[in-house]
Amino acid sequence: MSAESAVPSPARRWLGLVVVALGVALIVVDTTIVNVIVPSVVEDLDVSSTQAQWIQESYAIVLAALLLLAGRFADILGARRVFVIGVAVFGATSVPAGLAPTGELLVVARFLQGAGAAMILPTSLALLNATFTGKERGQAFAVWGSTIGAASALGPLLGGWLAAHASWRWAFGINIPLAALICVGALAFLAPSPRGGGRVDAAGGLFSVLGLGLLAFGLVEGRTYGWLTVVRPMEVFGWSWSGGPSPVLVALVLGSAALAAFVLRQSSLVRRGDGARALMDVRLFSVASFRNGNVATVIIGLGEFGIIAVLPLWLQFTLGYSALDAGLALLPLAVGSFVASGASFGAAHKISPLGQVRLGLVLEAAGLGLLGLVAAPDSPWWPIALALFVYGIGVGFATAQVTNVVLADVPGRDAGQAAGVQSAFRQLGSALGIAVLTTVFFTTLGNGLHDRLTDSGLPDSRADALARTVTDSAGAAIQPLSAHPATAPAADAAYAAMTDAITLGSYLAGGVVLLGLVTTALVSRRPAAPSAGSPAAVETAGSVHKE
């Protein structure tokens, strides 16, 4: 089949975009929905706090660990093929997750779901990059980015509704028919992707999986187990790490070493003329928009979604929202993301993708600043909704178009691995942002509550015990304290301290987003002239096969 005859019609391209967006929504919702259903899982399966934590976080860790490997497989086997396999794996592993009779089996199923998600995320980018060009590419990425922002906000809402009106098991059960629908749609509307052939560098794959997985674990679990020394034993299948250096410190050191070995290995393959085997062709970083765009991606990811990890806690335990109400409170973020998607269609011929990134970051910072200004222990709902709406519009512009900017000048044959690299940078930036924001939030909550209690005349030991109780419960202990007259003043102090924490977190996230805005100055407005021997300067050799 000729390249020309393989070009899909406009209607088929846009239906394919809907399929890709649904695939991305599937894996993003699964990231946030579990945070809301965990209390129901704990009650139903009688799982330990350690198992509950792994149910939440194993998915994200495996997703981050396998991104580079999945991107490389997309270049070898074809992006559509890997996308469909990923969706099928995700749907199939949702069956044992939804039927899991024990916490251990649910954790295993979550690990496997993460493997499916790792195949979906980078291939979705590669498919859009290959299917759309020019103004349409910006519009397609706008839909893709808005889907991420909206799905992040809709996850808690859907989880809250299921927890209140159905069963937590349906949080996984709904994935099964959706996955089947997406697989059918992908085969019907997405054009077969080129297959580049070649082999996978096994040593590089091992280094990348270990490096990304260990770094993701360290960033996600730092506050739980301690950054330097053990503050809480880590238990895995009956084995306990209870003393000495923290497993987080060990993971961060080993992960950094593994990624350094990975980079050295990839550089060595390219120098020896064996770049076709490389998981990450280091010559891609000679493309200015790719190199500097990924730097901006990390910083933007650091500031963008950390606040979403702690905002539901403040809504529920300070403002008294139910889990469903807290999900509804995040709905303006989703609406804002969709508004940005629609607006970007009209703005595509007036504002460049880089200009839309900058506009989005300004709006994100404005929304976060407004959230910090209006936060109070008795905040009404509407200023919070306004702040999240503005923030959502910013996410809709920035999240989508930063990916467009990063991949704009990457040769088509390298789209899979480039998308894997960009997705890995995004995931690590997001994990770092969540680590920083949650650490700042809980540190501010604990220290602020302790100081307020001692200032009111409470003995230091009693103040320390109450502060630790509130912090360890992530705020859930505040409501029981407020129910008893003897501890009601401590609950009032906790309401104020948690509000101080969300205020500082909002301002900090806004500041990081503004730093991301500054880093966009490094990104070229026009394609940089590729250096000799870079991927952008080398024509594709050999024949290209279709699926």
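Heavy atoms only: backbone and side chains are in, while hydrogens, waters and symmetry mates are out.
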Between atom [atom1] of [X] and atom [atom2] of [Y], what is the distance when rounded to the nearest 0.5 Å?
{"X": "Leu361", "Y": "Gln401", "atom1": "CG", "atom2": "CD", "answer": "11.5 Å"}
{"X": "Thr131", "Y": "Leu17", "atom1": "OG1", "atom2": "CG", "answer": "9.0 Å"}
{"X": "Ser267", "Y": "Phe285", "atom1": "OG", "atom2": "CZ", "answer": "10.0 Å"}
{"X": "Leu252", "Y": "Leu219", "atom1": "CG", "atom2": "CG", "answer": "6.0 Å"}
{"X": "Leu259", "Y": "Leu264", "atom1": "CG", "atom2": "CG", "answer": "11.0 Å"}
{"X": "Ile300", "Y": "Thr519", "atom1": "CD1", "atom2": "OG1", "answer": "5.5 Å"}

- After noting the C-alpha distance and the side-chain angles of Leu445 and Phe442, does the key distance pass the side-chain contact (heavy atoms from CB on, under 4.5 Å) rule? CA-CA 5 Å; Leu445 170 60; Phe442 286 110; 4.2 Å; yes

Report yes if some heavy atom in the side chain of [X] is under 4.5 Å from a heavy atom in the side chain of [Y]; otherwise report no.
{"X": "Asp30", "Y": "Arg110", "value": "yes"}
{"X": "Val339", "Y": "Phe389", "value": "yes"}
{"X": "Ser337", "Y": "Ile393", "value": "no"}
{"X": "Leu428", "Y": "Leu215", "value": "yes"}
{"X": "Leu330", "Y": "Pro312", "value": "yes"}
{"X": "Ile299", "Y": "Val518", "value": "no"}
{"X": "Ile27", "Y": "Thr31", "value": "no"}
{"X": "Trp144", "Y": "Thr403", "value": "yes"}

Atom of [X], atom of [Y] and distance for their closest heavy-atom approach:
{"X": "Phe83", "Y": "Val19", "answer": "CZ-O, 4.1 Å"}
{"X": "Val248", "Y": "Gly218", "answer": "CG1-O, 3.4 Å"}
{"X": "Ala408", "Y": "Arg137", "answer": "O-NH1, 3.7 Å"}
{"X": "Ala70", "Y": "Ala118", "answer": "CB-O, 3.1 Å"}
{"X": "Pro332", "Y": "Ala385", "answer": "CB-O, 3.4 Å"}
{"X": "Pro122", "Y": "Gly71", "answer": "CG-N, 4.2 Å"}

- Query: Quick one: salt bridge (Lys or Arg N to Asp or Glu O under 4.0 Å) partners of Arg426, sequence neighbours excluded?
  - Reply: none

So, does [X] use its side chain to make a donor-acceptor pair with the main chain of [Y] at under 3.5 Å?
{"X": "Thr147", "Y": "Val143", "value": "yes"}
{"X": "Ser124", "Y": "Leu121", "value": "yes"}
{"X": "Thr123", "Y": "Ile120", "value": "yes"}
{"X": "Arg80", "Y": "Leu190", "value": "yes"}
{"X": "Ser246", "Y": "Gly226", "value": "yes"}
{"X": "Asn129", "Y": "Leu125", "value": "no"}
{"X": "Arg265", "Y": "Ala261", "value": "no"}
{"X": "Ser430", "Y": "Gly301", "value": "no"}
{"X": "Ser423", "Y": "Leu67", "value": "no"}
{"X": "Thr318", "Y": "Leu315", "value": "no"}

For [X] and [Y], which I'm curious about, is there any donor-acceptor pair between the side chains at under 3.5 Å?
{"X": "Ser289", "Y": "Asp409", "result": "yes"}
{"X": "Asp201", "Y": "Gln266", "result": "yes"}
{"X": "Thr499", "Y": "Trp314", "result": "yes"}

- Message: Working note: Leu154 + Leu331, criterion side-chain contact (heavy atoms from CB on, under 4.5 Å); need CA distance, chi angles, decisive distance, verdict.
- Response: CA-CA 7 Å; Leu154 290 175; Leu331 197 56; 3.4 Å; yes

- Item | Within 6.0 angstrom of Phe262 CZ, more than 12 heavy atoms from elsewhere | yes

- Task: Have a look at Val513 and tell me which of Leu368, Leu302, Val362, Ile307 forms a side chain to side chain contact (heavy atoms under 4.5 Å, CB included) with it.
- Result: Leu368

- Message: Testing Leu284, Leu69, Leu68, Ile76 one by one against Gln417 for a side chain to side chain contact (heavy atoms under 4.5 Å, CB included), which residue passes?
- Response: Leu284

- Would Leu504 and Phe441 count as a side-chain contact (heavy atoms from CB on, under 4.5 Å) if you check the C-alpha gap in whole Å, the side-chain angles of each, and the deciding distance to 0.1 Å? CA-CA 8 Å; Leu504 179 59; Phe441 179 83; over 6 Å; no

- Might you work through the side-chain contact (heavy atoms from CB on, under 4.5 Å) test for Val523 and Val406, ending with a clear yes or no? CA-CA 9 Å; Val523 182; Val406 170; over 6 Å; no

- Item | Derivation of the ring-ring contact (aromatic ring centres under 6.0 Å, His included) call for Trp14 and Phe132 | CA-CA 9 Å; Trp14 291 106; Phe132 295 92; 4.9 Å; yes

- Phe90 and Tyr59 aromatic ring geometry - parallel, tilted or perpendicular at 30°/60° bounds: perpendicular

- Apply side chain to side chain donor-acceptor pair (under 3.5 Å) to Arg358 and Thr520, showing your working. CA-CA 7 Å; Arg358 290 168 176 165; Thr520 63; 3.0 Å; yes

